[in-house]
Amino acid sequence: MNLLELQRRMAQDVMRPLTSDFQMQPATADGSSTADLANTYIKPNDRLSSFERLEIYNRQYWFRVTGAVAEDFPAVGAVLGEKKFDNLVLAYLSENPSTSFTLRNLGSKLPKWLESHPEFSPRRHDLLLDIARLEWAYVEAFDGADLLPLTAADFGDLGAESQLFLQPHIQLLDLRYPVDELVLAVHRQTEPSDIMSNAVTERKQIKRARLPRMVRSQIHLAVHRYENSVYYRRVDHEAFRLLSALQGGTALGPALEVAFGESSFSPEEQAAKIQEYFAHASELGWFCKPQAG
Amino acid sequence: MKNSAQSLALAAAFAGLLGGTAVRMNAQTAQPNNATTSAHAGVLIAQDAPAVPKHSCKGKNDCKGQGGGKHPGKNDCKGKGGCATDGSKPSLA
Amino acid sequence: MPANRFNGFSDYGVGIGLRVPHYDHIFAEKPTVDWFEIISENYMVDGGRALQTLDQILDRYRVVQHGVSMYFGSSQPADREHLKRLKTLTRRTKTPWLSDHLCWGSVDGRYTHDLLPMPYTFEAVKATAARIREVQDYLEIPIAVENVSSYAEFHESQMTEWEFLNEVVEAADCGILLDVNNIYVSSQNHSFNPFDYVNSVPAERVAQIHIAGHSKFEKFILDTHDHPVLDPVWDLYARAIERVGPTATLLEWDDNIPSFDEVHSEALKATRYLTPAQSQKPVEEYAGEVVHQ
């Protein structure tokens, strides 16, 4: 067995899902004995069999990756409950093993993946999707790039064909439920961090009865970073359409048309809203020069 | 959008950009790198729900210790999550 | 001996790992710490609080980068995005040397996020040394490779772990981050004399030393970094210092993290070995035999 073959063999064994009581599977999907497989490349010692030595790595792998994903989606966990959430995370990771050098990216595909997996909570699937999207938006806003904001000098030749670039950390969400309230409630109910205690990194279980009741009601959120703290800012429908168009690369004039294309506001009312949107956005430094490269 | 309406909209955008930028620049000049800058942003920030700082200092890759055999089902990979703030916690939290 | 080309001819003393629960204390109390070790991957982001915090630390303290996912022993090419981000970070921290592990952890673009043991083969020596050279050339700073704790051994191995380490660092012409806790853990798991290991490493290549706590189970020992350093590890440390001279030393404490003062005090216990060593001549060696002064 050469180096690559050994690494492929071991990676496959280490990343194989555990049994329900967190042991290494006795057999592979095709019925092969994992003990026999382990024997082919791992030495036993006087205390542990090849299977048991491999199992240490198998268990470590799953504890580590499930913990990393669970940490990024506490509100999904609070709504689902521990057992269903564990199943969801395990299923997600089984289909989406890490393809990045950093654990930071491990949950990135979960919102999209969840779209095609309503089985974890069929009745609340849309709600869960919204929560997952918001929780991942938080991660993106938390450490996305923050470029130099535009200054008054940059607006000199602004026209209908001008492009305005949004800060990379800004995440725009069109949600069916006011899940910002729920996510914040989950955070508030999480015990305050005791920095000297392990308790801070144990998974907190939120009693579902204490979470706000969610009634379907569309909201638009800008999840963004200001002075290195992440904020959830609700924006109205037109502002959302405007910002989304600008974020997608649409020039200013067409973006304004997209924003108000379906509205019944008078031109004066539109102008007042537009002025307010741009004032707020530029006050927060949301417009920037395009990212190099 | 008719030409006149588009002109009005562009003028409004321009006015907003200049006005907002001026507020931001003034706030920075008055209180450089100060957490109270958020208060100068006025109602805009107050309307925002600050995401609590639980995740604010996570270091996901801190997982150096290999505690995989200790607590089945629990995350033994510490150094992630729970942290105090570094002083820039939003004052309107 | 402490200042050598593998640690940028620096003269660092006792440091601790920079960990989130200690941020408040560090910024409020500004304790005197010789240096901090950071986990590189936590700061290989585009923006946000992690980088802001790092910059604050860099204003006051010396920082050395330690990575957890370079996987020098993985048999496939390094991730260019990883390398690019790592180089950007080294420019920020001005780390005099950079360390990562003598292990593998990814294959075919999938990451286990674990420090998996190498088969100690000549094929692995060649591949690993080539990878280290490639990374060292790209980053343009000295690299030190760290021996890992392991729980499995391979039938394929053709030499001992310390022979493998020596072959790799000679072929790569790189430094060693000697983790004496890892040596102890592996010695108990694989039934070898840990002093044989310490006595065999090329002293002139040791750039840094790691100390840490571990956890003993019925049939094996785990490298948990959740305890003070145990006596057998201090004994190995004493022997290592005797051989290599006073060397940059870092305490790793990653789980059940106590107060800053407790961690720092534990680390500073190393000075009882370092201080006497500073007044002694380096241990001379002849034909591989250790000569006590």
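Below, chain A is the first sequence line, B the second, and so on; all start at residue 1.
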Fill in: Note, A:Ile42 side chain near C:His155 side chain (heavy atom, < 4.5 Å)
no
Worksheet item: Under 4.0 Å between a Lys/Arg side-chain N and an Asp/Glu carboxylate O for C:Glu153 and A:Arg53?
Response: yes
Practice prompt. Give the C-alpha distance, both sets of side-chain angles, the deciding distance and a yes or no for side chain to side chain contact (heavy atoms under 4.5 Å, CB included) between A:Leu4 and C:Val107.
Written response: CA-CA 8 Å; A:Leu4 180 58; C:Val107 67; 3.8 Å; yes
Worksheet item: Is a side-chain donor or acceptor of A:Arg64 paired with a backbone partner of C:His113 at a separation under 3.5 angstrom?
Response: yes
Worksheet item: So do A:Met10 and C:Phe154 actually touch side chain to side chain, heavy atoms under 4.5 Å?
Response: yes
Item to complete: Please look at A:Asn2 and chain C and tell me whether the side chain, the backbone, both or neither of the residue comes under 4.5 angstrom of a heavy atom of that chain.
Response: both
Discussion item. Do C:Glu41 and A:Thr102 pair up side chain to side chain, a donor and an acceptor below 3.5 Å, judged on atom types alone?
Written reply: no
Response to the item:
Between C:Arg49 and A:Ser229 the two heavy atoms that sit nearest each other are NH2-OG, 2.8 Å
Fill in: Heavy-atom pair count under 4.5 Å with chain C, highest-scoring of A:Ser100, A:Ala145, A:Ala141
A:Ser100
Worksheet, complete the sentence: When the 4.5 angstrom heavy-atom criterion is applied to A:Met1 and chain C, the contacting part is both
Worksheet entry | Interatomic distance, A:Lys43 atom NZ to C:His190 atom NE2 [nearest 0.5 angstrom] | 9.5 Å
Discussion item. With a 4.5 angstrom heavy-atom cut-off, is it the side chain or the backbone of C:Gln76 that approaches chain A, or both, or neither?
Written reply: side chain
Worksheet entry | Test item: A:Asp146 side-chain N/O and C:Gly48 main-chain N/O as donor-acceptor pair under 3.5 Å | no
Fill in: Intermediate values then yes/no, side chain to side chain contact (heavy atoms under 4.5 Å, CB included), C:Tyr151 and A:Gln60
CA-CA 11 Å; C:Tyr151 315 103; A:Gln60 280 184 175; 3.9 Å; yes
Discussion item. Can you tell me how far apart OG1 (A:Thr99) and CG (C:Asp108) are? Round to the nearest 0.5 Å.
Written reply: 12.5 Å
Worksheet item: For the atom pair CD (C:Glu156) and CG (A:Leu3), what is the distance rounded to the nearest 0.5 Å?
Response: 10.0 Å
Worksheet item: Looking just at side-chain N and O atoms, do C:Ser75 and A:Arg8 make a donor-acceptor pair shorter than 3.5 Å?
Response: no
Discussion item. Would you say that A:Gln7 contacts C:Ser106 through its side chain, given a criterion of any heavy-atom pair below 4.5 Å between the two side chains?
Written reply: no
Item to complete: Go through C:Glu262, C:Met44, C:Lys219 and name the one with the most non-hydrogen pairs under 4.5 angstrom from chain A.
Response: C:Lys219
Worksheet item: For C:Arg110, does the CZ atom have more than 12 heavy-atom neighbours from other residues, nucleotides or ligands under 6.0 Å away?
Response: no
Worksheet item: Do C:Asp46 and A:Asp143 come within less than 4.5 Å of each other through their side chains, counting heavy atoms only?
Response: no
Worksheet entry | Distance, nearest 0.5 Å, that separates CG of C:Asn42 from CG of A:Leu103 | 9.0 Å
Practice prompt. Report yes if some heavy atom in the side chain of A:Tyr41 is under 4.5 Å from a heavy atom in the side chain of C:Pro119; otherwise report no.
Written response: no
Fill in: C:Met70, part contacting chain A, at a heavy-atom distance under 4.5 Å
neither
Response to the item:
One should read off an interatomic distance between C:Asp114 CG and A:Phe63 CZ, to the nearest 0.5 angstrom, of 12.0 Å
Fill in: Which of A:Ala38, A:Pro168, A:Gly144, A:Ser50 touches chain C most, by non-hydrogen pairs under 4.5 Å
A:Gly144
Worksheet item: For C:Ala127, is it the side chain, the backbone, both or neither that has a heavy atom under 4.5 Å from a heavy atom of chain A?
Response: side chain
Worksheet item: Under a 4.5 Å heavy-atom cut-off, does chain A meet the side chain of C:Thr121, its backbone, both or neither?
Response: neither
Practice prompt. Could you tell me the separation between the CG atom of A:Asn228 and the CD atom of C:Gln52, rounded to the nearest 0.5 Å?
Written response: 4.0 Å
Fill in: Aromatic plane relationship, A:Phe101 with C:His82 - under 30° parallel, 30 to 60° tilted, over 60° perpendicular
parallel
Discussion item. Tell me if a side-chain donor or acceptor on A:Tyr57 pairs with a main-chain N or O of C:Leu115 at a distance below 3.5 Å.
Written reply: no
Response to the item:
Assert top hit (heavy-atom pairs under 4.5 Å, partner chain A, pool C:Ala124, C:Pro117, C:Gly105, C:Ser191) equals C:Pro117
Response to the item:
Most contact-rich option vs chain C, by heavy-atom pairs under 4.5 angstrom, among A:Asn45, A:Asn39, A:Leu6, A:Leu106, is A:Leu6
Worksheet entry | Nearest heavy atoms of C:Asn189 and A:Arg47, plus distance in Å | O-NH2, 3.4 Å
